[in-house]
Colleague: 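Next up is a structure, given as structure tokens.
This one's a predicted model, so the numbers in the text were calculated from it and none came from an experiment.
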Amino acid sequence: MNRKIIIYQIFTRLFGNRNLGRKPHGTIAENGVGKMNDLDDATLRRIRYLGVTHVWFTGVIRHATTTDYSAYGIPTQHPAVVKGKAGSPYAITDYYDIDPDIAVDVNERMHEFESLIMRTHNVGLRAIIDFVPNHVAREYHSICKPNGVKDLGEGDDTSKAFDINNNFYYCPGEQFTPTIDLEQGSGTSYVEYPAKATGNDRFDAHPGVNDWYETIKLNYGIDYRNPSGRSYHFSPVPDTWHKMTDILLFWASKGVDGFRCDMAEMVPTAFWAYAIKIVRERYPDIIFIGEVYDQWQYGSFIASGFDYLYDKVGMYDCVRDVINGNRAASAITRQWQATDRINDHMLYFLENHDEQRVASPFFCGDARKALPALVAMVLMMPNPFMLYAGQEYGERGMDEEGFSGRDGRTTIFDYWCVDSLYRGYFRREQLTIEEKRLALMYQRVLRIANREKAFSRGEFFDLMYVNPSSRYFNAHSQYAFLRKCDDEVMFVVCNFSADKASLRVNVPPHAFNHWHMEAKREVSAIDLLSGQEIQQPFSPQEQFFMDVPAYGARVYKFSIKMNKTGYVLNEHNKDEFPPAHTTEHLLNQLMGRLFGCERSRNAHIERKKSKITYILDHKPDRREERMIEQQMNDLINQDLPVTYEMVDRENLPDEIDASRLPDDAGETIRLVRIGDFDVCPCVGKHVRSTSQIGRFVLLGTNWDEMTHAFRIRFKVVS
């Protein structure tokens, strides 16, 4: 894949839930639940338009829950060993089954999952699911395993604490007696004899409140209780290795494109080398992402076959401190240097289901403060970036859902409706201006990452060592670097300060020598975030001047082979009236959505009165004409922001028809975006947001039956 991987994590149970009950500790009947079918084509397409390449569907495999599905032949779980009403998605009860919560028709849950994977692929996305190899639910029992497959624990010798052929570890002669009072909601006590070891390497019968008491540890051939010290028994191949590899192959056969491997570092690298090799022999393009927190083990897990590893204790912790002012921005340099040999394998992120939301007061309290970090983490290296659904709208994670308290995290244990996702995907008219602007910024950065070859596959040069703190550059608040591919250079500066920064940035001779670049007396650079164009010297002898907004960034693009100043955009002689011209964009998109027609090729847009023609399959009736006027004014009243984006002609978005570009269009194309409703190549003048248009008035229409031309006459009234 030549594109940069951008992963969008969706907690499937929460994503599509539109039930606003939000009762703490509420049941599925009281609070509702999202379904796989909520992720329809339009929703997946919107996720893709955000700039995403992969979707991680979290929590799709059947796990422990208090909800009773026994009518469907699904075993019930004792509430004493389930966290929350909905249960943890990492307490798997059947590796071969789909969570019934997220199915519309429980009996067809696997078919619904297969359809979800198909829809995901059809819109151009790839699908990742969890693989939870270290532990399972205490009452694990597969009812969906293929014929001939033995269940985990089936045939274990429970009289032994450890045996190479056992799937679990046992505490012979001891009953499971945790040191906490478990909720015994079923009226009967939970009994486990002999007790099994707990998932977080607790090898006795008495886990506490901070242990993963609802899970049991899987045995990969390591004897943790050997009096002589930990011992390894990998030959012959342990039974668990065979069973877990078969599970990976089962899901790969369903069309899954990758696995996010939960707590991968708690499973021996020898298993990963064994399993990944077998899976890749059949599915060579599948990717493996490991949750590993020990930096000293990064190299061994990559050597065992992992494509990418969480860089939580590295870049995440560093950047979080930078956002909060607890570390200097220059610390980012030291952090990437710490993993220099394997940076391409590091997965960067600012949020996931385990971490606190950026906008929560437990993190920094304002999603805007993380925007310079977003730019740095997405554009600095070619490695993947992951965001958690709702992050792009500034989700705060400050609900007190039930088992999950008010801690700045979005619950993974409770039935709940996440406000930002509800509004962002199903009630977009309720989004605030700030939320829309934040989402557009995310979209802009992620799209830049994939559309500019300098970011997806170019080289990186850190500028911090030649820009120590001075009157014109603050190394505590600003971070600067270059990216280059072929003749294109990207000059990126991130400002973590609450104040606008007027900077002078040095580029050292080493950068010119290393990349065989000639100094330029002047280059014409376009900021891909704002569309601003500047002329600056690009030379080791002169500084690069720029103004960077508070909590913002500049991403200047220029060519080192440029023989003339300025990017040539297709010029025209129109003197547009911005409100009417912006209305033309809205109307083109609306007519396409309502009638399935092309954008107009025949328009006369003027200040007093405008005319525009569409080719339709039928003459709209009066009701449809009223609908056009009403929906146009609804769009205008949403106050959608109008923004600009500069892209190479070869990297136009899929939704842009390149054949409609004028013959004299240059290599750099300006795209005009109206919220996420419309995008169109255009060099004309527009309003800053749709509320500045005024009111759309449909003056009249004409219909030509022979040509099926539908002509609309309209004006905008301030």
Side-chain angles (χ1 to χ4, degrees), residues 8-19 21 26-44 47 55-77 82-123 125 127-132 136-137 139-146 247 250-257 259-260 353 389 411-418 421-422 425-426:
Y8 192 70
Q9 182 189 3
I10 287 174
F11 193 53
T12 319
R13 180 207 301 154
L14 300 180
F15 183 86
N17 191 10
R18 282 163 263 190
N19 184 323
T27 64
I28 190 171
E30 293 167 326
N31 284 354
V33 69
K35 306 292 184 180
M36 291 179 284
N37 287 359
D38 293 322
L39 289 149
D40 56 15
D41 290 339
T43 301
L44 289 167
I47 291 168
V55 179
W56 166 17
F57 297 111
T58 305
V60 297
I61 299 178
R62 181 156 68 83
H63 54 268
T65 178
T66 63
T67 302
D68 186 354
Y69 287 101
S70 58
Y72 300 93
I74 298 172
T76 57
Q77 303 291 305
V82 179
K83 288 183 175 178
K85 287 288 189 289
S88 166
Y90 296 102
I92 301 296
T93 53
D94 189 342
Y95 276 119
Y96 291 100
D97 200 1
I98 289 295
D99 176 22
D101 276 350
I102 59 176
V104 173
D105 183 342
V106 173
N107 288 323
E108 294 295 320
R109 57 192 182 277
M110 184 59 75
H111 176 71
E112 289 186 23
F113 173 76
E114 292 166 345
S115 297
L116 171 62
I117 298 301
M118 186 179 299
R119 289 195 301 275
T120 303
H121 290 162
N122 287 343
V123 303
L125 292 167
I128 296 170
I129 66 168
D130 286 289
F131 176 57
V132 188
V136 295
E139 295 188 293
Y140 181 91
H141 173 59
S142 176
I143 60 171
C144 294
K145 62 185 186 298
I247 289 164
F250 172 82
W251 290 107
S253 73
K254 298 292 183 183
V256 168
D257 302 292
F259 297 99
R260 178 269 185 187
H353 66 279
T411 182
I412 64 169
F413 305 106
D414 305 280
Y415 294 113
W416 204 253
C417 175
V418 180
L421 294 176
Y422 170 77
Y425 283 91
F426 307 108

Colleague: First locate atom CD1 of I102, then atom CD of E112, and finally report the distance between them rounded to the nearest 0.5 Å.
Modeller: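 Between I102 CD1 and E112 CD, I get 8.5 Å after rounding to 0.5 Å.
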
Colleague: Using every non-hydrogen atom in the two residues, find where T76 and S70 come nearest and quote the distance to one decimal.
Modeller: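 The pair with the smallest heavy-atom distance is CG2-CB, 4.0 Å.
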
Colleague: Output all residues satisfying side chain to side chain donor-acceptor pair (under 3.5 Å) with S115, sequence neighbours left out; order by chain, then residue number.
Modeller: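 Residues passing side chain to side chain donor-acceptor pair (under 3.5 Å) with S115: none at all.
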
Colleague: Dump the intermediate steps for side chain to side chain contact (heavy atoms under 4.5 Å, CB included) on V33 and T67, then the final yes or no.
Modeller: CA-CA 12 Å; V33 69; T67 302; over 6 Å; no

Colleague: I need the K85 NZ to E30 CD distance, nearest 0.5 Å.
Modeller: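 The distance works out to 8.5 Å.
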
Colleague: So which heavy atom on I92 is nearest to which on V136, and how close?
Modeller: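 Nearest pair, atom of I92 first, then V136: O-CB, 3.6 Å.
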
Colleague: What's the separation between atom CG in L421 and atom CG in L14, rounded to the nearest 0.5 Å?
Modeller: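 L421 CG to L14 CG: 8.0 Å, rounded to 0.5 Å.
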
Colleague: Could you walk me through whether F15 and Y425 pass the ring pair (Phe, Tyr, Trp, His ring centres under 6.0 Å) test, one step at a time?
Modeller: CA-CA 9 Å; F15 183 86; Y425 283 91; 4.8 Å; yes

Colleague: To the nearest 0.5 Å, how far apart are OH in Y95 and CH2 in W251?
Modeller: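 These two atoms lie 12.0 Å from each other.
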
Colleague: Please identify each residue that fulfils side chain to side chain donor-acceptor pair (under 3.5 Å) with D40, with sequence neighbours left out.
Modeller: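 Checked D40 against side chain to side chain donor-acceptor pair (under 3.5 Å); matches are T43.
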
Colleague: Provide the closest heavy-atom pair for N31 versus N19 in the form atom of the first, atom of the second, distance.
Modeller: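 Answer, listing the atom of N31 first, then N19: O-CB, 3.1 Å.
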
Colleague: Apply side chain to side chain contact (heavy atoms under 4.5 Å, CB included) to I47 and L39, showing your working.
Modeller: CA-CA 10 Å; I47 291 168; L39 289 149; 4.2 Å; yes

Colleague: I need the single residue from D101, D94, D99 that forms a salt bridge (Lys or Arg N to Asp or Glu O under 4.0 Å) with R62. Which is it?
Modeller: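 Among D101, D94, D99, the one that satisfies the salt bridge (Lys or Arg N to Asp or Glu O under 4.0 Å) with R62 is D94.
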
Colleague: Taking atom CG of L44 and atom CG of D38, what is their separation to the nearest 0.5 Å?
Modeller: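 These two atoms lie 10.5 Å from each other.
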
Colleague: Find the distance between CZ (R119) and CG (L125) and round it off to the nearest 0.5 Å.
Modeller: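 R119 CZ to L125 CG: 12.0 Å, rounded to 0.5 Å.
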
Colleague: Less than 4.5 Å apart, side chain to side chain, heavy atoms only: is that true for V418 and F11?
Modeller: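 Result no, sub-4.5 Å side-chain heavy-atom pair not found.
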
Colleague: Are more than 12 heavy atoms from other residues, nucleotides or ligands located less than 6.0 Å from atom CE of M118?
Modeller: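 Result for CE/M118: open.
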
Colleague: Does the side chain of I128 come within less than 4.5 Å of F259's, by heavy atoms?
Modeller: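 The answer is no, as the side chains (C-beta and beyond) never meet within the 4.5 Å cut-off.
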
Colleague: Using every non-hydrogen atom in the two residues, find where K254 and E114 come nearest and quote the distance to one decimal.
Modeller: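 K254 and E114 have their closest heavy atoms at NZ-OE2, 2.8 Å.
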
Colleague: May I ask you to test the N122-D41 pair for a side-chain heavy-atom distance under 4.5 Å?
Modeller: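 No, their side chains stay 4.5 Å or more apart.
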
Colleague: Side chain to side chain donor-acceptor pair (under 3.5 Å) between T65 and Y415: does it pass, once the steps are laid out?
Modeller: CA-CA 11 Å; T65 178; Y415 294 113; 3.2 Å; yes

Colleague: Does F57 form a side chain to side chain contact (heavy atoms under 4.5 Å, CB included) with V256? I'd like the steps, not just the answer.
Modeller: CA-CA 10 Å; F57 297 111; V256 168; over 6 Å; no

Colleague: For N17 and C417, work out which heavy atoms get closest and say how close.
Modeller: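 In this case the closest contact between N17 and C417 is O-SG, 3.1 Å.
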
Colleague: Flag yes if more than 12 heavy atoms outside Y72 fall under 6.0 Å of its OH atom; otherwise flag no.
Modeller: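 No, the 6.0 Å shell around OH holds no more than 12 heavy atoms from other groups.
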
Colleague: Establish, from distance only, whether the side-chain atoms of D105 and H111 form a donor-acceptor pair under 3.5 Å.
Modeller: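 Note: D105 and H111 side chains miss the donor-acceptor criterion.
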
Colleague: Please examine the side chains of D130 and W56, heavy atoms only from C-beta on, and report whether any two atoms are closer than 4.5 Å.
Modeller: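 In short, these two side chains touch, coming nearer than 4.5 Å.
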
Colleague: Checking I61 against V132 for the side chain to side chain contact (heavy atoms under 4.5 Å, CB included) test, could you report, in this order, the C-alpha distance in whole Å, the side-chain angles of both residues, the deciding distance, and whether it holds?
Modeller: CA-CA 10 Å; I61 299 178; V132 188; over 6 Å; no

Colleague: Are any non-hydrogen side-chain atoms of D97 and R109 less than 4.5 angstrom apart?
Modeller: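 Yes, close enough: below the 4.5 Å cut-off.
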
Colleague: So which atom in H353 and which in I412 form the shortest heavy-atom distance, rounded to 0.1 Å?
Modeller: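 Here H353 and I412 meet closest at CB-CG2, 3.9 Å.
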
Colleague: Is a side-chain N or O of T93 found less than 3.5 angstrom from the main chain of Y140, in a donor-acceptor match?
Modeller: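 Between the backbone of Y140 and the side chain of T93 there is no qualifying donor-acceptor contact (under 3.5 Å).
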
